Amino acid sequence: MRYTELFCPTLREIPSEAEIVSHQLLLRAGYIRKSGSGIYSYLPMGYKVLKKIMAIVREEMDAAGGQELMMPIIQPRELWEKSGRWAVYGDEMFRLKDRHLRDFALGPTHEELITSIVDADTHSYRDLPLLLYQIQNKYRDEIRPRFGVMRGREFIMKDLYSFDLDVEGMNESYRKMYQAYSNIYNRLGLEYRVVEADNGAIGGSESHEFIVLAGSGESVIVYCSECDYAADVEKAEAIPEEAINTGEAALPMEKSATPGQRTIADLVEFYGLPEKRLIKTLIYEADGELVAVVIRGDRELNEIKLKNYLQVNELAMAGEERVRNTCGGGFGSLGPVGLQVKTFADREVENMINTSCGANEDDFHYINVNPGRDFGAAAFADLRNTVAGDACPACGKVLKETRGIEAGQIFQLGTKYSEALQATYADRDGNPQLMVMGCYGIGVSRTMAAAIEQNHDDNGIIWPLSIAPYQAIIIPVNVNKADQMEAAEKIYSELLAAGVEVILDDRDERVGVKFKDADLIGIPLRVTVGPKSLAEGKVEFKERQGKESELVLAGDICKRILDLVK
RNA sequence: CGGGAUGUAGCGCAGUUUGGUAGCGCGCUUGGUUCGGGACCAAGAGGCCGCAGGUUCAAAUCCUGUCAUCCCGACCA
């Protein structure tokens, strides 16, 4: 492609509506344009990247035994009534009526439709298993679309559904997909982690998320430095640290005056004890009832874990007045000793010896408090956030922490949908059996944005070779010099003939402009044809991902590029 | 939906407080000089100031309504 013919409108300045890097760069580099909140057009360059991602996804889905199909965006209401989700999906579903006032939805997902399709034409155990997928636009009227293409209301998703005879079959399909997803993210050239995920309401079976690592990601995950364990911090089991003062004899508890000492930091100063030797007590209102939560002084409570543990709907910090009335002391002087509120403690607290806590009386604390002896708890449970440095729940080695973007998720569905839609097959004995399902999604447009979040610098995008819209760009320094253009054209046609996707920047612009654009749009390989090196029969070769440029004989450059591309 | 903010040329912004009929930078067009990391000079084109009402001799500016967009929260590929 000649740059003069390319539709790639780059911007010098950052559009003010874009907040995160990938959104800014997609707009600046001429890959996308917005048509409404959370709704985007993909310009030729952007679409090229999407097609590359889709091609990789297709190859891996096909290799795993998947068959591609295409289902409609518009789905009738009755289908959703059957699964009960017409009511449940709520405002997030785009709904519309036809001229006869019949209700339809723009598909936010396709479990209902695919299940009805498979059920209609699958009658025997001989027809299963089936792995069917599509790559299609999905519609979700998000409460708040944001970050450009990262969370759109219309987005591109690959969704595959597996239909098996039984749970063993489903497990096998799941295993295949897990492997296929790993292959995909490897081939995309992205750094990622597979984390154990919550499968929410579905319950019982497995789910994993594929997280593309990026500092700007919305998910915080911990992963093991030694083994494969990785999980969202909010879901990861927090392994209690061994008591730091093991072996110390339990001393008699004493009450001491601590005038004006309210925070953990105050007490660290006051007692000369480290944060981890103290405990803090938080009072929550759980469905209206007060509960106390006790955790180590340096830890953070994980409200999701607490909520799940207590099995309540509403959970919020209690107001100070109510706390003072019930407990006796205000914030900063609370403790579990003698507390008349149901108390839950993080299990790490159980190991602590001679700790300190509030006395439920302003300006007083207890020291040498020992759990079990001095206070009890309704339960010692995993209630805190896992942090870097904690032990890995799988192997015991040290956990590290990072942020990332959820680009894919795989679920075991079991019979949730086959039961709702009565999708059955006849087994060997002729008896009807429910199909056992799984579903597997990849956010294609989101993966594009995630790739940028992970791979960019101050000058622009740095595409991995596998998904770059063009693999190489040739920049003649001055298009008005015949020798430079001739050399550039020669390399260009040679690369084209070899099947390399290449741009020839034939614009009559200064080199600076061309370099800036090449960097901005993120082409991985760059060849500069300039007067200095050309005099020696050489051209300059530079990879986008940093490093110096090097001189290469003009006759050798194509081979050099081919070696990298193939 | 709650909280915060913004709509003025393709992009980034000023002008709004104190009404007087729209401006700057970049980009775009033409000509010239330049030419190794977003050149310079000159001449141009381009805006119903988000939209609809109202106040006024006069509205980008004041008032009312409305629409849209962005950011912070619950949701998710």
Side-chain angles (χ1 to χ4, degrees), chain A residues 9-20 23-24 27-28 30 33-39 53 57 88-93 108-110 135-160 181 197-201 207-212 218-219 232 303-304 307 313-316 404-411 439-450 458-460 475-481 484 507-520 526 528-534 539-540 542 549:
Chain A
T10 57
L11 304 173
R12 293 201 179 192
E13 285 173 276
I14 302 169
S16 58
E17 70 189 35
E19 193 71 12
I20 62 164
H23 190 195
Q24 294 174 348
L27 287 167
R28 274 193 67 205
R33 288 293 181 262
K34 184 178 68 180
S35 65
S37 178
I39 303 172
I53 297 172
V57 169
V88 173
Y89 227 102
D91 292 336
E92 212 157 291
M93 186 146 77
T109 175
H110 283 70
I135 298 178
Q136 211 231 32
N137 282 358
K138 293 282 186 279
Y139 297 82
R140 293 185 194 170
D141 196 359
E142 295 281 347
I143 301 162
R144 185 155 87 86
R146 66 185 129 170
F147 303 147
V149 114
M150 191 77 85
R151 180 185 301 280
R153 294 193 294 170
E154 175 182 86
F155 60 98
I156 304 170
M157 177 169 154
K158 184 286 303 180
D159 45 327
L160 182 144
Y181 271 46
D198 191 12
N199 36 2
S207 178
H208 287 89
E209 287 174 353
F210 287 71
I211 304 283
V212 172
E218 291 184 273
S219 308
D232 193 294
E303 292 190 7
I304 293 172
K307 204 169 163 180
N313 296 317
E314 295 291 327
L315 186 71
I405 297 155
E406 188 190 331
Q409 183 164 14
I410 56 179
F411 279 103
C439 75
Y440 315 84
I442 287 182
V444 175
S445 35
R446 178 181 282 184
T447 296
M448 173 167 78
D458 291 345
N459 291 318
I475 299 181
V477 168
N478 187 336
V479 295
N480 299 311
K481 301 284 191 226
Q484 289 176 35
R507 292 177 298 172
D508 187 6
E509 287 284 356
R510 315 182 109 233
V511 251
V513 172
K514 300 195 208 185
F515 286 154
K516 287 288 183 188
D517 273 332
D519 285 350
L520 177 60
R526 189 179 85 190
T528 307
V529 182
K532 294 179 224 159
S533 42
L534 197 59
V539 295
E540 288 154 54
K542 181 176 178 301
S549 70

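Side-chain atoms are counted along with the backbone in the values below, which use heavy atoms only and exclude waters and symmetry mates. Note that the structure is a prediction, hence the values are computed from the model and not measured. Protein chains get the first letters and strands the later ones, always in sequence-line order, with residue 1 at the start of each.
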Peer 1: For B:G73 and A:Arg146 - does any side-chain N or O of the residue sit under 4.0 Å from the phosphate oxygens OP1/OP2?
Peer 2: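 Indeed, a polar side-chain atom of A:Arg146 lies that close.
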Peer 1: Which is true for A:Ile14 with a 4.0 Å heavy-atom rule: it touches a base, it touches only sugar-phosphate, or it touches nothing?
Peer 2: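 Sugar-phosphate contact only - A:Ile14 comes under 4.0 Å of backbone atoms but never of a base.
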Peer 1: Please tell me which of A:Gly36 and A:Lys532 maps to the more 5' nucleotide of RNA chain B, matching each residue to the nucleotide holding its nearest heavy atom.
Peer 2: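 Nearer the 5' end of the strand: A:Lys532.
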Peer 1: Which part of the nucleic acid, if any, lies within contact of A:Phe147, taking any heavy atom under 4.0 Å across all strands shown: a base, the sugar-phosphate backbone alone, or nothing?
Peer 2: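 It contacts sugar-phosphate atoms only.
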Peer 1: Using a 4.0 Å heavy-atom cut-off across all strands, classify A:Asp517 as base, sugar-phosphate, or nothing.
Peer 2: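 Base contact.
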Peer 1: In the structure I gave you, are the side-chain heavy atoms of A:Lys481 and A:Leu534 within less than 4.5 Å of one another anywhere?
Peer 2: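 Sidechains of A:Leu534 and A:Lys481: no contact.
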Peer 1: Please compare A:Ser219 and A:Arg510 by the position of their nearest nucleotide in RNA chain B and report the one closer to 5'.
Peer 2: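 That would be A:Arg510.
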Peer 1: For B:U34, which nucleotide in any strand shown is its Watson-Crick or wobble partner with both distances under 3.5 Å?
Peer 2: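 Paired with no nucleotide.
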Peer 1: Please check if the side chain of A:Tyr440 supplies one atom and the backbone of A:Lys158 the other of a donor-acceptor pair under 3.5 Å.
Peer 2: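 No; judged by distance alone, with no hydrogens or angles, the pair does not exist.
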Peer 1: Using a heavy-atom cut-off of under 4.0 Å over every strand shown, decide if A:Asp519 touches base, sugar-phosphate, or nothing.
Peer 2: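 Base contact - A:Asp519 has a heavy atom under 4.0 Å of at least one base atom.
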Peer 1: Taking only the P atom of each, what is the distance from B:C72 to B:C11 in whole angstrom?
Peer 2: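 22 Å, rounded to whole Å.
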Peer 1: Looking only at atom P, what distance separates B:G65 and B:G3, rounded to whole Å?
Peer 2: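 It works out to 15 Å between them.
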Peer 1: With a 3.5 angstrom cut-off on both distances, give the Watson-Crick or G-U wobble partner of B:C70, or none if there isn't one.
Peer 2: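 Base partner found: B:G4.
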Peer 1: Mind listing the N/O atom pairs, protein and nucleotides 24-26 of chain B, below 3.5 Å?
Peer 2:
residue : atom : partner : partner atom : Å
B:G25   : N2   : A:Glu13 : OE1          : 2.7

Peer 1: Base, sugar-phosphate or nothing for A:Gly152? Non-hydrogen atoms, less than 4.0 Å.
Peer 2: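 Since a base atom lies under 4.0 Å of A:Gly152, the category is base.
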Peer 1: Across the strands shown, which category fits A:Pro9 at heavy-atom distances under 4.0 angstrom: base, sugar-phosphate, nothing?
Peer 2: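 Since no nucleic acid heavy atom lies under 4.0 Å of A:Pro9, the category is nothing.
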Peer 1: Provide the Watson-Crick or G-U wobble partner of B:C76, both distances under 3.5 Å; none if there is no partner.
Peer 2: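 With both distances under 3.5 Å required, B:C76 matches none.
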Peer 1: Between A:Lys34 (NZ) and B:U69 (P), how many Å, whole number?
Peer 2: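 Taking NZ of A:Lys34 and P of B:U69, I get 7 Å after rounding.
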Peer 1: To the nearest 0.5 Å, what is the distance between CZ on A:Arg28 and CZ on A:Arg12?
Peer 2: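 The CZ atom of A:Arg12 is 10.0 Å from CZ of A:Arg28, to the nearest 0.5 Å.
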Peer 1: Quick one: does A:Met150's side chain get under 4.5 Å of A:His23's, heavy atoms only?
Peer 2: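 No. Closest side-chain heavy atoms not under 4.5 Å.
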Peer 1: Quick one: look up who B:G12 pairs with, Watson-Crick or G-U, both distances under 3.5 Å, and put none if it's unpaired.
Peer 2: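 Per the H-bond distance test, B:C24.
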